[in-house]
Amino acid sequence: MENLHTLFDLTGKVAVVTGGYTGLGYDMACALSEYGATVVISSRSREKAENVARSMSETYHNRVIGLDLDQSNYDSCKTLADSVHEECKRIDILINNAGGGSGKGKCNFLERNPELMRSMIETNLLGPLFCCQSFGRYMVDQNSGSIINIASIAGITGRDRSMYHKAKKEEQPVEYAASKGGIIGMTLDLAAYMAPFNVRVNAISPGGFDKGELTKAFVQAYSERTPLGHMGVLNKEIMGTALFLASEASSYITGQNIVVDGGFSTCR
């Protein structure tokens, strides 16, 4: 029987977490670093990524590398993958976390700027596709790997806008749901494509997480609609799921979308 500690151990593995310098990406990067992985985090700003990488490395006494990435640009995705492989000689884990939420401008669907719609799709759907291809090539060559795509409950359930309006919060635009639904579909088909190469592909769909920028009115309204009674908590409630999917503990799991939302999307 395998030792459970061994199954979760990531020592010797190389993990890339796009957008890993802040928020949920940072939490997941910390989890992988704590369990022994060499972690690469990205930001549009290389300086931000490097600063966070130094802090993480001091905390977890592990190697953390900060690099820049504009995932809406294919060349930037390929350059990041090539740089990581050249530096680390392998790529075992990719967490496609970078992406945008409501973005700028009016989010009401009938008033939404079409160029903002296009930008959201390019960042949230095309970007992860570009990264999957760029990093996936190296995983195929080494005949192993785990890709974790960060989707959202927006991709599996419609949203009642009244909660946003009553709390005077800008609603999520419809194309955000379109992009995250696309991520879930991409995950399913890519899992089938990559399975013969021993590369697993799964998704995590977080619900709302309180990152400190939300009004008390919105947090309360959201929490009241969540069976577990609260929004997601940073530094805790995404970390275990990411570690599980990244490690050998989930070696027989692929093509799945794990929802981390306190029951928001399923218990009405």
Side-chain angles (χ1 to χ4, degrees), residues 10 13-34 37-60 62-104 115-116 118-139 141-142 145-152 176 179-180 183 186 204 206 209 211 213 234-235 238-239 242 246:
L10 299 178
K13 303 292 187 181
V14 176
V16 177
V17 184
T18 67
Y21 74 103
T22 189
L24 294 180
Y26 175 78
D27 282 359
M28 292 184 285
C30 287
L32 304 191
S33 185
E34 182 175 345
T38 293
V39 177
V40 179
I41 60 173
S42 76
S43 166
R44 285 178 179 266
S45 164
R46 184 160 188 158
E47 182 180 4
K48 284 183 180 179
E50 289 178 338
N51 288 340
V52 173
R54 278 193 293 271
S55 176
M56 283 181 59
S57 183
E58 291 171 0
T59 298
Y60 296 104
N62 216 348
R63 189 180 185 197
V64 184
I65 303 168
L67 296 173
D68 57 291
L69 171 69
D70 173 7
Q71 70 173 16
S72 63
N73 182 300
Y74 177 79
D75 289 339
S76 181
C77 298
K78 185 176 183 303
T79 296
L80 179 62
D82 293 343
S83 298
V84 173
H85 192 266
E86 182 178 359
E87 177 73 18
C88 301
K89 309 307 178 189
R90 62 183 300 110
I91 301 168
D92 300 287
I93 301 153
L94 168 66
I95 299 185
N96 265 317
N97 167 74
S102 62
K104 301 176 181 178
E115 288 307 310
L116 293 178
R118 185 189 306 277
S119 177
M120 180 79 77
I121 296 297
E122 288 176 350
T123 299
N124 283 5
L125 182 54
L126 279 179
L129 270 169
F130 292 159
C131 286
C132 283
Q133 186 189 73
S134 298
F135 288 91
R137 289 188 179 116
Y138 287 112
M139 294 180 176
D141 287 345
Q142 68 192 26
S146 175
I147 295 174
I148 304 167
N149 296 315
I150 305 305
S152 167
Y176 178 81
S179 67
K180 293 303 186 177
I183 290 292
M186 175 187 79
I204 300 174
F209 271 69
K211 302 169 188 173
E213 85 287 8
L234 285 181
N235 309 127
I238 197 79
M239 300 173 83

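The side chain to side chain contact (heavy atoms under 4.5 Å, CB included) test with Y21 singles out one residue from S45, S42, S43, and that residue is S43.
A donor-acceptor pair is defined here as one N or O able to donate and one able to accept, closer than 3.5 Å; no such pair exists between the side chain of K48 and the backbone of D68. Formation of a donor-acceptor pair under 3.5 Å by the S57 side chain with backbone atoms of A53 is not found in this model. A donor-acceptor contact shorter than 3.5 Å is absent between the side chain of D70 and the backbone of S76. Distance alone, capped at 3.5 Å, is enough to place a donor-acceptor pair between the T79 side chain and the D75 backbone. Although no hydrogens or angles enter the test, the distance criterion places a donor-acceptor pair under 3.5 Å between the side chain of N97 and the main chain of T18. No donor-acceptor pair closer than 3.5 Å links the side chain of E34 to the backbone N or O of Y60. Side-chain atoms of D92 do not come within 3.5 Å of backbone N or O of A15 as any donor-acceptor pair. The closest donor-acceptor contact from the side chain of Q71 to the backbone of C77 lies at 3.5 Å or more, if one exists at all. A donor-acceptor pair is defined here as one N or O able to donate and one able to accept, closer than 3.5 Å; such a pair exists between the side chain of N62 and the backbone of A37. Proximity of a side-chain donor or acceptor of S55 to a complementary backbone N or O of V52 within less than 3.5 Å is not detected.
Here the shortest heavy-atom pairing between V14 and C88 reads CG2-CB, 3.8 Å. I91 and M139 get closest at one heavy-atom pair: O-CG, 3.5 Å. Of all non-hydrogen atoms in M239 and D27, the two that sit nearest each other are CE-O, 3.4 Å. Considering all non-hydrogen atoms of both residues, A246 and L10 come closest at O-CD2, 4.0 Å. When all heavy atoms of C132 and N149 are compared, the closest pair comes out as SG-OD1, 3.7 Å. Looking at every heavy atom in both residues, N96 comes nearest to C131 through OD1-CB, 3.2 Å.
Atoms OG and CD1, on S146 and I93 in that order, are 6.5 Å from each other to the nearest 0.5 Å. Atom CD1 of I121 sits about 12.0 Å away from atom CG of L116, to the nearest 0.5 Å. With rounding to the nearest 0.5 Å, the separation of OG1 in T38 from CZ in R90 is 10.5 Å. The line from OG1 of T22 to NZ of K211 is 8.0 Å long, rounded to the nearest 0.5 Å. To the nearest 0.5 Å, the span separating NZ on K89 from CD on Q142 amounts to 13.5 Å. One finds the CD1 atom of I95 at 12.0 Å from the CD1 atom of I41 (value rounded to the nearest 0.5 Å).
The shortest side-chain heavy-atom distance between I238 and I150 does not fall under the 4.5 Å cut-off. Residues L24 and I204 form no side-chain contact, since every pair of their non-hydrogen atoms from C-beta on lies 4.5 Å or further apart. Using a 4.5 Å heavy-atom threshold, the side chains of I147 and F135 count as separate. By the 4.5 Å heavy-atom criterion applied to side chains, L126 and S72 are not counted as neighbours. In this structure, the side chains of I148 and M28 stay at 4.5 Å or more apart for every pair of heavy atoms.
Between F130 and Y74, the two ring planes are perpendicular [angle over 60°; tilted spans 30° to 60°].
No donor-acceptor contact under 3.5 angstrom links the side chains of Y26 and N235, judged on distance only.
Salt bridge status for R46 with E50: present, with a side-chain N to carboxylate O gap under 4.0 Å.
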- Message: Checking N124 against I183 for the side-chain contact (heavy atoms from CB on, under 4.5 Å) test, could you report, in this order, the C-alpha distance in whole Å, the side-chain angles of both residues, the deciding distance, and whether it holds?
- Response: CA-CA 8 Å; N124 283 5; I183 290 292; 5.9 Å; no

